[in-house]
2 protein chains.
Amino acid sequence: MASLKDIANECGVSVATVSKVLNGHKEISGTTAQRVMATAKELGYMPNSAARALKTNRTYNLGVLFVDDTKSGLTHEYFSTVLDSFKVEAEKNGYDITFINHNIGSRNATYLEHCRYRCVDGVMIACVNFFDPQVIELVHSDIPVVTIDYTFDNHISVISDNVSGMQDLVQYVYSMGHRRVAFIHGENTSVTASRLTSYYKTCMELGISPPDDYVQAALYHDTRVTARCTKALISLPEPPTCILFPDDYSYIGGANVLREAGLRVPEDISVAGYDGIHILQALSPRLTTLKQDTDSLGRIAAQKLVELIEYPKITLPGTTIVKGSLLEGDTIMRIGE
Amino acid sequence: MASLKDIANECGVSVATVSKVLNGHKEISGTTAQRVMATAKELGYMPNSAARALKTNRTYNLGVLFVDDTKSGLTHEYFSTVLDSFKVEAEKNGYDITFINHNIGSRNATYLEHCRYRCVDGVMIACVNFFDPQVIELVHSDIPVVTIDYTFDNHISVISDNVSGMQDLVQYVYSMGHRRVAFIHGENTSVTASRLTSYYKTCMELGISPPDDYVQAALYHDTRVTARCTKALISLPEPPTCILFPDDYSYIGGANVLREAGLRVPEDISVAGYDGIHILQALSPRLTTLKQDTDSLGRIAAQKLVELIEYPKITLPGTTIVKGSLLEGDTIMRIGE
DNA sequence: TAAACTTGTGAAAACGTTTTAGAAGTTTTT
DNA sequence: AAAAACTTCTAAAACGTTTTCACAAGTTTA
């Protein structure tokens with residue numbers, strides 16, 4: 001690989017001159033600059049990112065921290081689409097991305113250590129256990145961090161608007177005439193808390209008060225538990241006319257139960273999901289759901305992180321809330337008087 | 001960040017000594033080694049990968065090249081699961097992964113240039129257009145490369161066994177009594193070629209010869225075109241009793257058509273997919289499909305790449321063929337005399 | 001007792017950059 | 001004509017490692 005020195009020799013100038021030309025410093029004469037650029041091209045010069053990083057302490061590498069035990073977020077459509085748009089935006093800004101884990105060579109390392117080892121300029125954190133001490137340590141280090149779907153005080157985060165999302169969903173099913181609206185929710189996270197609170201609040205505002213057994217605790221992305229909850233709901237003396245599922249995927253578990261029970265969707269029972277994943281919009285009847293704007297989530301996270309890295313002094317901590325949008329499918333039946 | 005020099009000063013030894021201790025060279029006395037290790041830990045020493053890379057020309061970074069226009073392979077379940085297992089295995093071996101694209105800073109670069117810039121030790125290539133000149137350039141460079149689902153002569157590749165996969169599928173539906181087996185295939189790639197050839201060959205061996213209009217050209221992952229093909233098939237004077245779809249996802253397009261036509265699966269018509277993606281195993285009726293072993297594909301690709309990097313002299317080019325497995329779901333009806 | 005190893009250590013060079021301070025030459029100002 | 005200011009360039013240091021070679025001291029062999 002051709003280096004600055006090779007170009008310098010070839011052109012009969014110093015390494016410093018070549019460096020300056022290639023970095024666009026204005027103090028080198030036009031003729032020299034021309035000559036240097038030409039030889040650089042001729043020699044197929046590529047800067048060496050390691051050398052540059054060593055000198056400047058900037059790698060133009062962003063760390064991405066996803067869960068890394070068992071199955072990673074990669075296999076989860078919501079997160080993989082967020083990651084995808086994060087990647088696109090990061091690359092547009094000249095940054096590459098590297099996954100953070102806890103291996104350095106054969107040795108075990110904390111996330112923070114791994115970030116330091118790789119000298120990442122910043123880290124995006126999503127889809128992890130935000131109470132993990134290693135995550136907390138990383139967040140409170142001097143490395144620029146942006147989190148998705150969780151906010152650390154005095155830091156930058158991007159979160160999907162679960163409050164308005166749930167509100168839209170409940171208001172919509174209400175407007176379709178539903179008064180007995182059940183909610184199967186996911187595991188105990190801040191996301192779930194937002195949705196659950198919003199569900200209760202919106203119901204109250206609309207003057208309906210769901211009985212306790214209309215609210216069932218399940219897990220995200222788990223068809224089995226959701227199936228069980230669905231069964232419980234339809235066996236109630238006064239079953240709901242509409243069920244809101246933890247997410248689109250787990251709805252599949254419920255759908256099977258409904259079919260087995262001889263209940264048609266939406267004629268006999270209405271349902272809605274959450275996420276807006278692709279395949280359920282292809283499947284008929286098209287699932288009514290709240291599509292999270294994964295595209296914006298990833299893109300904004302990347303923008304914020306780059307901003308924080310490049311203008312640390314003038315970047316304020318804060319949370320960007322990204323609204324989702326209601327996808328009106330065919331699974332909510334209009335009912336009522 | 002503490003450096004070797006800090007440790008050296010603290011211990012009153014030279015930088016060289018510290019380096020040797022930390023790299024486990026045997027020539028340093030036990031007592032010194034102990035002391036150095038203790039101070040290293042105390043100071044929270046982390047090696048600097050950039051400095052190390054600069055000196056050794058090894059980054060312990062693997063490039064991953066996925067399609068990077070519009071939507072990346074990240075959002076495609078088959079590839080994202082392959083990537084996931086690749087990542088896990090790479091990390092187990094002490095390598096991190098970095099996505100290859102064609103940006104270097106704000107400048108446009110070829111894939112090869114990007115790899116050189118980042119000094120990756122090797123590259124895994126999957127889910128790209130293998131006829132892209134930039135991909136070919138990269139493959140034929142001096143950078144170690146492993147490809148997935150495509151073989152370059154005299155290089156290392158890992159491919160899913162589409163021949164035996166298709167054979168298993170056809171033999172299975174035959175054994176269930178089907179003689180009129182249609183095949184909707186994906187776009188023109190080497191994967192499709194294998195499956196198509198295997199379909200014809202297996203049919204012939206079983207003594208059935210599908211008429212031309214039983215073979216329909218569609219696209220992978222596209223429900224619309226698949227829907228059209230499905231419609232065509234069921235409108236034939238003598239429609240098939242079983243349809244093999246390009247992949248599980250595109251089957252959804254067909255499923256909708258079948259339902260609208262009043263055909264029940266599997267009572268009125270049998271179907272099978274390809275891939276074994278998660279959600280279709282949750283949905284009832286469970287789709288009969290050929291599950292590709294994405295776990296092995298990614299893992300073996302990582303192993304081979306690491307081997308090629310670490311033992312270039314004794315690593316032979318060649319192709320590893322990874323068999324899939326038939327997932328017997330509920331969408332193939334037993335028929336016949 | 002000298003010669004030949006061993007063992008533990010360090011000095012120094014090298015990897016490819018960026019950057020600072022300043023030299024040399026040229027132009028402008030006084 | 002001298003001083004000041006600008007332009008163009010370079011030498012050298014630095015970033016944090018790894019590695020080669022040499023040296024000293026101790027140990028064995030002849």
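Below, chain A is the first sequence line, B the second, and so on; all start at residue 1. Only heavy atoms go into these numbers, but all of them, side chains included; no hydrogens, no water, no symmetry mates.
- Under 3.5 Å, the side chain of K5(B) and the base of dT17(D) form no donor-acceptor pair of N or O atoms.
- In this structure, V13(B) reaches the sugar-phosphate backbone alone: every heavy-atom distance under 4.0 Å involves primed, P, OP1 or OP2 atoms, never a base.
- Among the protein residues, S29(B) comes within range of the sugar-phosphate backbone only, with heavy atoms under 4.0 Å from sugar or phosphate atoms but none that close to a base.
- The distance between atom CD of E27(A) and atom P of dT26(C), rounded to the nearest whole Å, is 18 Å.
- The side chain of T32(B) places an N or O atom within less than 4.0 Å of a non-bridging phosphate oxygen (OP1 or OP2) of dT9(C).
- Here dA12(C) presents its C1' atom at 11 Å from NZ of K55(B), a figure rounded to the nearest Å.
- E310(B) is not listed as a side-chain neighbour of D121(B), based on a closest heavy-atom distance of 4.5 Å or more.
- Comparing I28(B) and A51(A) against DNA chain C, the residue whose closest nucleotide sits nearer the 5' end is I28(B).
- Here dC15(D) presents its P atom at 18 Å from CG of N48(A), a figure rounded to the nearest Å.
- Rounded to an integer number of Å, the gap from CZ of R58(A) to P of dA14(D) is 23 Å.
- When each of dT10(D), dT17(C), dT17(D) is scored by its nearest atom to the side-chain atoms of S14(A), the top-ranked nucleotide is dT10(D).
- Here G30(B) lies out of heavy-atom contact (under 4.0 Å) with every strand.
- For the pair T98(A) and R118(B), the minimum side-chain heavy-atom distance is 4.5 Å or more.
- Whole-Å rounding puts the L54(B) CG to dA13(C) P distance at 17 Å.
- Not a single donor-acceptor contact under 3.5 angstrom links the side-chain atoms of K26(B) to the base of dG8(C).
- Nucleic acid contact for N57(A): none, since no nucleic acid atom lies under 4.0 Å from a heavy atom of the residue.
- A side-chain N or O of R299(A) and one of S296(A) form a donor-acceptor pair less than 3.5 Å apart.
- Distance L4(B) CG to dA12(C) P: 18 Å, rounded to the nearest Å.
- As a whole-Å value, the separation of Y117(B) OH from dT17(C) C1' is 11 Å.
- In this structure, the side chains of R35(A) and V21(A) stay at 4.5 Å or more apart for every pair of heavy atoms.
- Contact between the side-chain N/O atoms of Y45(B) and the OP1/OP2 oxygens of dT17(D) is found at a separation under 4.0 Å.
- S19(B) comes within contact range of at least one nucleobase, with a heavy-atom separation under 4.0 Å.
- One atom, NZ of K20(A), and another, P of dT7(D), lie 14 Å apart when rounded to the nearest Å.
- Other residues, nucleotides and ligands place more than 12 heavy atoms under 6.0 Å from the CG atom of N129(A).
- Regarding contacts with the backbone of dT18(D), a side-chain N or O of R52(B) is found under 4.0 angstrom from either OP1 or OP2.
- Annotation: side chain of F99(B) is in contact with side chain of E91(A) (closest heavy-atom distance under 4.5 Å).
- Closest to the T17(B) side chain, of the nucleotides dT9(C), dC9(D), dT17(D), is dT9(C).
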